[in-house]
Amino acid sequence: MTFTFDKMSLGDAAIQVLSTADARQKATVARAVSREWLCRKLGAVAATEPVPDRPARPDHPVLMLPRDVPRRKINAGVAGRIALLHALAHIELNAIDLAFDMIARFSDQDMPEAFFDDWIAVGDDEARHFLMLEDRLQELGGAYGDLPAHDGLWQAAMETAHDLLARLAIVPMVLEARGLDVTPDMIKRLHAAGDQQSAEALTIIHDDEIGHVAVGKRWFDHVCATRGLTDPVAAWQDLVRKHFKGGLKPPFNTTSRDLAGFPEHYYAVFEA
């Protein structure tokens with residue numbers, strides 16, 4: 001499939017990703033936009049079109065409240081592993097939109113070009129992750145959209161749509177960092193179930209997410225500095241308390257968080 005973005009700004013190309021409903025096509029468009037930008041084939045950064053409040057999505061999966069989504073155990077039976085991979089594919093689809101919403105929504109901010117390079121690279125990773133998980137689902141006899149999912153991740157985007165610093169505080173430094181905490185246990189369970197291929201896919205995702213958290217932390221510190229906020233730790237903690245109602249829950253994967261340059265003194269206060 002060929003996509004053309006002639007004379008399109010990066011922000012408008014990002015909106016094309018957000019406006020694509022089919023999940024697999026969204027990932028494919030995301031990868032195409034990433035290539036165009038990194039090859040410097042797109043124009044100016046700022047979007048000229050309105051950024052949608054919500055991204056386009058397929059008719060399925062049916063979206064439920066997080067507490068209503070059925071949970072299944074990871075074991076040698078295929079149903080539990082399909083349910084896990086489906087949930088993760090849904091997270092990665094949301095992550096594509098979160099990365100490209102970051103680009104489009106804040107394309108008018110006075111940010112260095114490297115900021116957009118970083119988030120394009122993140123969006124490309126998330127698209128690659130979705131396609132990898134969807135391929136694995138199909139190998140196991142499933143498909144994205146077969147099971148219900150929840151809309152919790154996009155709630156965080158709506159909560160922080162007004163402020164780049166808040167978005168950086170919550171999406172990469174809370175949501176993606178939480179992925180670093182929970183994914184290693186999933187990998188262990190998949191190994192125990194004999195599903196080495198799925199475990200390898202999650203290992204790739206976990207390792208990439210370390211870089212995503214690092215990107216979020218780096219640009220959070222940058223925006224704090226440009227706003228004259230001399231205590232980024234206190235700024236982050238205040239934003240988490242204001243915009244992340246669920247609260248942070250241990251245990252925290254300090255090893256992976258440290259690799260991302262996200263030290264424990266940021267989040268240890270939430271363990272109490």
Side-chain angles (χ1 to χ4, degrees), residues 1-52 55-56 89 91-135 153 157 164 167-168 171-173 175-177 179-180 201 203-223 226 259-262:
M1 187 176 298
T2 302
F3 302 96
T4 58
F5 306 98
D6 291 345
K7 299 180 181 179
M8 191 175 288
S9 73
L10 173 63
D12 288 336
I15 291 172
Q16 292 297 306
V17 178
L18 297 170
S19 301
T20 301
D22 179 82
R24 196 169 187 94
Q25 188 172 6
K26 182 188 291 287
T28 305
V29 175
R31 302 213 71 187
V33 170
S34 299
R35 288 191 299 271
E36 292 288 302
W37 172 252
L38 295 176
C39 292
R40 295 300 187 259
K41 293 182 179 179
L42 295 175
V45 170
T48 62
E49 299 293 328
V51 182
I91 289 171
E92 296 298 331
L93 186 70
N94 275 271
I96 297 169
D97 284 324
L98 287 167
F100 283 91
D101 186 83
M102 178 85 79
I103 293 164
R105 190 166 302 280
F106 302 108
S107 63
D108 61 347
Q109 305 279 309
D110 185 19
M111 295 295 288
E113 191 172 70
F115 171 85
F116 299 101
D117 287 346
D118 278 347
W119 288 106
I120 274 286
V122 169
D124 188 60
D125 282 348
E126 309 294 18
R128 177 167 49 82
H129 296 166
F130 174 82
L131 293 169
M132 180 169 56
L133 290 169
E134 224 268 328
D135 286 346
L153 288 174
L164 174 58
R167 175 65 64 84
L168 290 165
V171 172
M173 297 176 69
L175 299 180
E176 295 218 54
L180 299 181
T203 300
I204 292 169
I205 291 171
H206 169 270
D207 293 349
D208 287 345
E209 301 291 356
I210 291 173
H212 300 176
V213 176
V215 165
K217 171 67 164 54
R218 179 164 63 252
W219 290 110
F220 181 84
D221 289 347
H222 173 88
V223 176
T226 61
L259 288 172
F262 190 21

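Given the structure is predicted, the values throughout are model-derived calculations rather than measurements. Only heavy atoms go into these numbers, but all of them, side chains included; no hydrogens, no water, no symmetry mates.
- The closest side-chain heavy-atom distance from Gln109 to Val45 is not below 4.5 Å.
- Among all heavy-atom pairs drawn from Gln25 and Asp22, the shortest one is N-OD2, 2.8 Å.
- Note that the CD atom of Gln16 and the CD atom of Glu49 stand 8.5 Å from one another [nearest 0.5 Å].
- Closest approach of Phe115 and Leu164 over heavy atoms only: CZ-CD1, 3.9 Å.
- Contact of the Glu134 side chain with the Glu92 side chain is not registered, since no non-hydrogen atoms from C-beta on lie closer than 4.5 Å.
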*Start with the C-alpha gap between Leu168 and Met102, add the side-chain angles, then the distance that decides, and say whether side chain to side chain contact (heavy atoms under 4.5 Å, CB included) holds.*
CA-CA 9 Å; Leu168 290 165; Met102 178 85 79; 3.7 Å; yes
*Do His212 and Glu209 pass the side-chain hydrogen bond (donor to acceptor under 3.5 Å, both in side chains) test, and can you show the C-alpha distance, the side-chain angles, and the key distance before you say yes or no?*
CA-CA 5 Å; His212 300 176; Glu209 301 291 356; 2.9 Å; yes
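- Asp221 has a carboxylate O that lies under 4.0 Å from a charged side-chain N of Lys217, or vice versa, which qualifies the two as a salt bridge.
- A heavy-atom distance below 4.5 Å is not found between the side chains of Phe262 and Pro172.
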*Show the numbers, then the answer: is there a side chain to side chain contact (heavy atoms under 4.5 Å, CB included) between Phe100 and Ser19?*
CA-CA 11 Å; Phe100 283 91; Ser19 301; over 6 Å; no
*Verify side chain to side chain contact (heavy atoms under 4.5 Å, CB included) between Leu175 and Asn94, making sure each step is shown before the conclusion.*
CA-CA 11 Å; Leu175 299 180; Asn94 275 271; over 6 Å; no
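- Between the OG atom of Ser9 and the CD1 atom of Ile103 there is a distance of 11.0 Å, given to the nearest 0.5 Å.
- Across Ala95 and Glu126, no two heavy atoms sit closer than the pair CB-CD, 3.4 Å.
- Remark: Arg35 fails to qualify as a cation-pi partner of Trp37 under the 6.0 Å distance and 45° angle criteria applied to the six-membered ring.
- Between the CG atom in Leu133 and the CD1 atom in Ile204 there is a gap of 10.0 Å [rounded to 0.5 Å].
- Within the 3.5 Å criterion, the main-chain N or O of Gly123 finds no donor-acceptor partner in the side chain of Arg128.
- For the atom pair CZ of Phe106 and CH2 of Trp219, the computed distance is 14.5 Å after rounding to the nearest 0.5 Å.
- How far CD1 of Ile96 is from CD1 of Ile91: 12.5 Å, rounded to the nearest 0.5 Å.
- In this structure, Leu10 and Val33 approach most closely via the heavy-atom pair CD1-CG1, 4.4 Å.
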*asked:* As a quick check of understanding, evaluate side chain to side chain contact (heavy atoms under 4.5 Å, CB included) for Leu38 and Asp124, giving each step before the final call.
replied: CA-CA 11 Å; Leu38 295 176; Asp124 188 60; over 6 Å; no
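- Distance CD1/Ile15 to CG/Asp101: 9.0 Å, rounded to 0.5 Å.
- Panel note: side chain Asp108, backbone Ala46; no donor-acceptor pair is recorded below 3.5 Å.
- With Ser107 contributing its side chain and Ala104 its backbone, the two residues share a donor-acceptor pair below 3.5 Å.
- For the residue pair Val122 and Ala99, the shortest heavy atom distance occurs at CG1-CB, 4.2 Å.
- Ala157 and Leu98 get closest at one heavy-atom pair: CB-CD2, 3.5 Å.
- Using a distance-only test at 3.5 Å, with no hydrogens or angles considered, a donor-acceptor pair links the side chain of Lys26 to the main chain of Ala56.
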